[in-house]
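Positions are given from 1 along the sequence. Heavy atoms only: backbone and side chains are in, while hydrogens, waters and symmetry mates are out.
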Amino acid sequence: EAIASFREAIARQANYPEALYNLANSLVECQQIDEAILYYERAIAIEQDFNQAKFNLAVLLIDRGNFESASRYLQQILEVQPNYIECYCRLGTILQHQGKLPEAINALQQALQIQPNYASAHYQLYNLLSVQDLAASRQAAESFVHFCGDRERILPAICLIASYLKSGLHQAATAKFLELEQYVYSHYQNLTEVELEALYVKILYFLPFMRDDRAANARFSRSIGQLYLRQPAATENPISKESRQTIKLSDRGADLRIGFISMYLKRHPIGWCAYDFMRELSSLTPHIYIYTTRQFTEDDRTRKFAQITD
């Protein structure tokens, strides 16, 4: 109904940027992304300072891998609205995809200079630093807790736990996890999708390293796993082209085909453990495939996986 009403408004007045913008938003909700992009562009052509339309268009372009166009729109927004914090976060995403890590870090730090308690920028900055600078990532985690810990209990705690474990501070990590566990149980039904994903992907992986209690660990893992599985499939944003990209390791002919799904085939415990048995499997078949659930920066370990069947 919303789409029909906006189309009717546009039919009566073609140069109606708000109707074009609203129609584009409705099309995004219905996963009609190509058409949504066209209507955002039409709205911007009519009203060149329509920054919300530019931002929404930039988000879609990032998901499509069109980083140059997305960056151009975000920069245009910042020229007239230099305190548009989310633009810096999206620029950080673009720069990370382009391998410009110092520039990505700088963009996120600019966001935090404007609003020190902006949780999304803290979380993104910690995740970026955690793959390259242990000391800086721990400092970022502590800053996240300091500025956001009073209202964002879960994500800052997860970052701090991860940084403690990577620093060898096992007791501190365990103590923080026990606090987090009690909070999670008491707010079990109110977890956001981002919080639930972080608990599922990060804390459940770290859990055996923090507590040697099979029953308690199983209870917590089961609780998080069941809630994670009950999540509806995400439909709000399109799936990134990059996150669906397959790394094909061989082209030689054989009937057996083996695939692996992981975002950690890099300098990560999973990456270190997986290489040897994947190398052995490559002696059975040249058809080894890797599927990644999200974009990540390649490193020397990733390149070793790519060479297994050469």
Side-chain angles (χ1 to χ4, degrees), residues 1-98 100 103-104 106-125 192-194 232-245 294-295:
E1 292 182 6
I3 291 177
S5 64
F6 293 136
R7 290 192 191 278
E8 183 179 347
I10 294 166
R12 291 197 303 268
Q13 185 177 343
N15 295 332
Y16 190 175
E18 290 80 6
L20 293 165
Y21 170 77
N22 290 333
L23 175 57
N25 288 341
S26 298
L27 290 167
V28 170
E29 293 179 5
C30 297
Q31 295 295 291
Q32 299 178 40
I33 304 303
D34 290 335
E35 192 175 4
I37 288 174
L38 294 175
Y39 280 105
Y40 281 134
E41 290 175 337
R42 283 182 59 183
I44 294 166
I46 296 166
E47 186 175 325
Q48 295 184 4
D49 291 332
F50 201 158
N51 286 338
Q52 190 57 53
K54 288 183 178 180
F55 179 80
N56 289 2
L57 176 56
V59 171
L60 296 183
L61 293 173
I62 290 171
D63 283 338
R64 291 294 176 91
N66 191 344
F67 299 131
E68 290 187 8
S69 295
S71 180
R72 185 172 63 252
Y73 282 118
L74 294 172
Q75 295 287 1
Q76 289 174 6
I77 295 169
L78 290 173
E79 287 176 5
V80 294
Q81 285 184 256
N83 291 340
Y84 202 131
I85 299 172
E86 187 58 30
C87 283
Y88 292 104
C89 295
R90 298 291 179 171
L91 281 172
T93 299
I94 291 171
L95 291 164
Q96 182 180 2
H97 279 287
Q98 293 175 332
K100 301 176 181 178
E103 293 88 344
N106 182 63
L108 295 169
Q109 289 173 336
Q110 285 183 272
L112 292 173
Q113 287 176 0
I114 297 168
Q115 187 175 328
N117 64 346
Y118 194 64
S120 295
H122 277 288
Y123 189 52
Q124 191 174 345
L125 179 60
T192 67
E193 289 185 13
V194 174
T235 57
E236 187 172 334
N237 291 315
I239 298 174
S240 167
K241 176 182 177 182
E242 286 67 36
S243 63
R244 290 184 279 108
Q245 192 173 41
R294 66 180 64 180
Q295 182 75 15

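Considering only residues two or more places apart in sequence or on other chains, Glu8 meets the salt bridge (Lys or Arg N to Asp or Glu O under 4.0 Å) condition with Arg12. Residues satisfying the side-chain contact (heavy atoms from CB on, under 4.5 Å) criterion with Asn56, sequence neighbours excluded, are Tyr21, Asn25, Tyr40, Gln52. Considering only residues two or more places apart in sequence or on other chains, Arg7 meets the side-chain contact (heavy atoms from CB on, under 4.5 Å) condition with Ile3, Leu23, Leu27, Glu35, Tyr39. Residues satisfying the side chain to side chain donor-acceptor pair (under 3.5 Å) criterion with Asn15, sequence neighbours excluded, are absent altogether. A search for side-chain contact (heavy atoms from CB on, under 4.5 Å) contacts involving Glu86 returns Phe55, Tyr84, Cys89, Arg90, Tyr118, not counting sequence neighbours.
Here the side chains of Glu18 and Glu47 are in contact, with some heavy-atom distance below 4.5 Å. Leu61 places none of its side-chain heavy atoms less than 4.5 Å from the side chain of Glu68. The side-chain heavy atoms of Ile94 and Leu74, taken from C-beta on, include a pair separated by under 4.5 Å.
Nearest heavy-atom pair across Ala58 and Tyr73 is CB-CB, 4.3 Å. Residue Ile10 comes nearest to Leu20 through the heavy atom pair CD1-CD2, 3.5 Å, listed as atom of the first residue, atom of the second, then distance. Nearest heavy-atom pair across Tyr88 and Pro82 is OH-O, 2.7 Å.
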All N/O donor-acceptor pairs, side-chain side in residues 106-113, below 3.5 Å, sequence neighbours left out:
from: Asn106; atom 1: ND2; to: Gln110; atom 2: OE1; distance (Å): 3.4

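For Gln13, the CD atom counts as densely surrounded, since its 6.0 Å shell holds more than 12 non-hydrogen atoms of other residues, nucleotides or ligands.
Here CZ of Phe67 is found 9.0 Å from OG1 of Thr93. Values are rounded to the nearest 0.5 Å.
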